[in-house]
Undergrad: 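Have a look at this one.
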Amino acid sequence: MKVLSIVGARPNFMKVAPLLRCLSRRGHESVLVHTGQHYDANMSDAFFRDLGLPTPDHHLGVGSGSHAQQTAKVMAAFEPVLLQERPDVVVVVGDVNSTLACTLVSSKLGVPVAHVEAGLRSRDRTMPEEINRLVTDCLADLLLTPSPDADDNLRAEGVPDARIFHVGNIMIDSLVDHLQAARGSDILQRLGLSAGTYGVVTLHRPSNVDEPATLTGILGALREIAKTLPLVFPCHPRTRERLQSGGGTEGLHLLDPLGYLDFMALVAGSRLVLTDSGGLQEETTWHRIPCLTIRENTERPITISQGSNVLAGTDPGTIVALALEALQKAPGSQPVPALWDGKTAARIVDVLEGWWRARSAD
Ligand code: UD1
């Protein structure tokens, strides 16, 4: 079986790495395409190094742009690659613009698509990722889901059961695979921190950082929390740009984006995480570290019902109150959601092999 996998942006790398390892172990032909949506050394190269990803066979070098420009650039650059490689299946992960663009190209050329992390829904179409999820799932042939809520969402949209496969959470494969290596990171020493005595912040959603009034309110809340718990804030380039104009980060320990191992070590040692990231809601659930999601909704409700996540919204007073409340409680000990066990890549390859055998027999 020849499998072509797509990566484009930071949250894709840790989802594809375990899959590539499993495909190679089982002797399948594997092609890796990097669209170049993320291109900074600390948004891309550091992850290839930390995760042991192979050098991409094709780098499309699309870079930044408006949503239409970026999506169109990926489509135009990916089409000739797909025609040249002619894989049996294209694997896309997550919900970034590269996921959508490569799904559209593959579907139109009649190449089957498997979507890893299918079925998640925030029901908020102002969020660019929600549009990407809806269109990708509508077109993909194999929908590989992380949680039962995702299966339910797909069924409610009329997707037949035969296309839905509950395989679990592949981000957790990377987490489990690299936990030992992350323990070797010296990030806490470098920052002068000790485990359990600080919080971690990440923010990059356009709805939080592009709107000055919202960003100012969130920063005010973070400064208030930092009076009780020191906060370390590795800053996405989009956010860094906005902070330079907005100011107001006194008391927060701002850093450049960290690589996978350093960031994992930082999170693993933290007392509390405040974030608008999707993946971090899942990683904190696995670690059972309290997480406040600075958003009005989440496409990952299982991190609330069975995890350590709380939807905090963007009201500064509420964020501060919930953070102080979280610090009073002992960390939870609930079991992690089913199939968040580090074996999702193997289940995905099982599904692909079964599908491919059935197809070859036709
Ligand atoms: C993208 C994804 C988002 C994901 C996030 C993780 C979409 C719609 N959004 O958002 O789902 O959570 O990645 O980071 O695909 N930039 C750099 N260097 C880089 C990459 C970006 O400086 O390597 C800056 C550029 O100014 C760029 C801006 O960040 O315009 C936004 O990048 P973009 O890829 O458009 O979206 P993200 O906000 O990163």
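Read the numbers this way: they start at 1 and go in the same order the structure lists the ligands and their atoms. Remember, predicted model here, so these are calculated numbers, not experimental data.
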Undergrad: Between the side chains of N97 and Q37, does any donor sit under 3.5 Å from an acceptor?
TA: no

Undergrad: For R10 and N12, test the side chains for any donor-to-acceptor distance below 3.5 angstrom and give the result as yes or no.
TA: no

Undergrad: Among all protein heavy atoms, pick the one closest to atom 9 (N) of ligand 1 and tell me residue, atom and distance.
TA: E129 OE2, 3.3 Å

Undergrad: For atom 2 (C) of ligand 1, what is the nearest protein heavy atom, given as residue, atom name and distance?
TA: V96 CG1, 3.7 Å

Undergrad: Nearest heavy atom to atom 39 (O) of ligand 1: which of H38, M43, H204 does it belong to?
TA: H38

Undergrad: I need the contact type for P11 against ligand 1. Using non-hydrogen atoms and a strict under-4.0 Å cut-off, is it side chain, backbone, both or neither?
TA: side chain

Undergrad: Among all protein heavy atoms, pick out the one at the shortest distance from atom 16 (N) of ligand 1; state its residue, atom name and that distance to 0.1 Å.
TA: Y39 OH, 3.5 Å

Undergrad: Can you confirm whether the side chains of S122 and E130 place a donor and an acceptor under 3.5 Å from each other?
TA: yes

Undergrad: Output yes when a side-chain donor or acceptor of D137 lies under 3.5 Å from a complementary backbone atom of G119, and no otherwise.
TA: yes

Undergrad: If you take the centroid of each ring, where Trp contributes its six-membered ring, are H178 and Y260 closer together than 6.0 Å?
TA: yes

Undergrad: Is the backbone of T126 close enough, under 3.5 Å, to the side chain of D124 for a donor and an acceptor to pair up by distance?
TA: yes

Undergrad: So, H34 versus F13, ring centres under 6.0 angstrom or not?
TA: yes

Undergrad: Between T314 and E296, is any side-chain donor less than 3.5 angstrom from a side-chain acceptor?
TA: yes

Undergrad: Within the 4.0 Å heavy-atom shell around P237, which atoms of ligand 1 are there?
TA: 16 (N), 17 (C), 18 (N), 22 (O), 24 (C)

Undergrad: With a 3.5 Å distance limit and no angle check, can you tell me whether T99 reaches the backbone of V96 through a side-chain donor-acceptor pair?
TA: yes

Undergrad: Report, in ascending order of atom number, the atoms of ligand 1 lying under 4.0 Å from any heavy atom of S64.
TA: 25 (C), 27 (C), 30 (O)

Undergrad: Show the atoms of ligand 1 that are less than 4.0 angstrom away from any heavy atom in Q70.
TA: 34 (O), 35 (O)

Undergrad: Using distance alone, decide if ligand 1 has a nitrogen or oxygen within less than 3.5 Å of any nitrogen or oxygen in R238.
TA: yes

Undergrad: Flag N132 as yes when one of its N or O atoms lies below 3.5 Å from any N or O atom of ligand 1, and as no otherwise.
TA: no

Undergrad: Which atoms from ligand 1 have a heavy atom of H67 less than 4.0 Å away?
TA: 8 (C)

Undergrad: Using a strict 4.0 Å cut-off to heavy atoms of E241, name the atoms of ligand 1 that fall inside it.
TA: 26 (O)

Undergrad: Name the closest protein heavy atom to atom 8 (C) of ligand 1, giving the residue it belongs to and the distance to 0.1 Å.
TA: N97 OD1, 3.3 Å

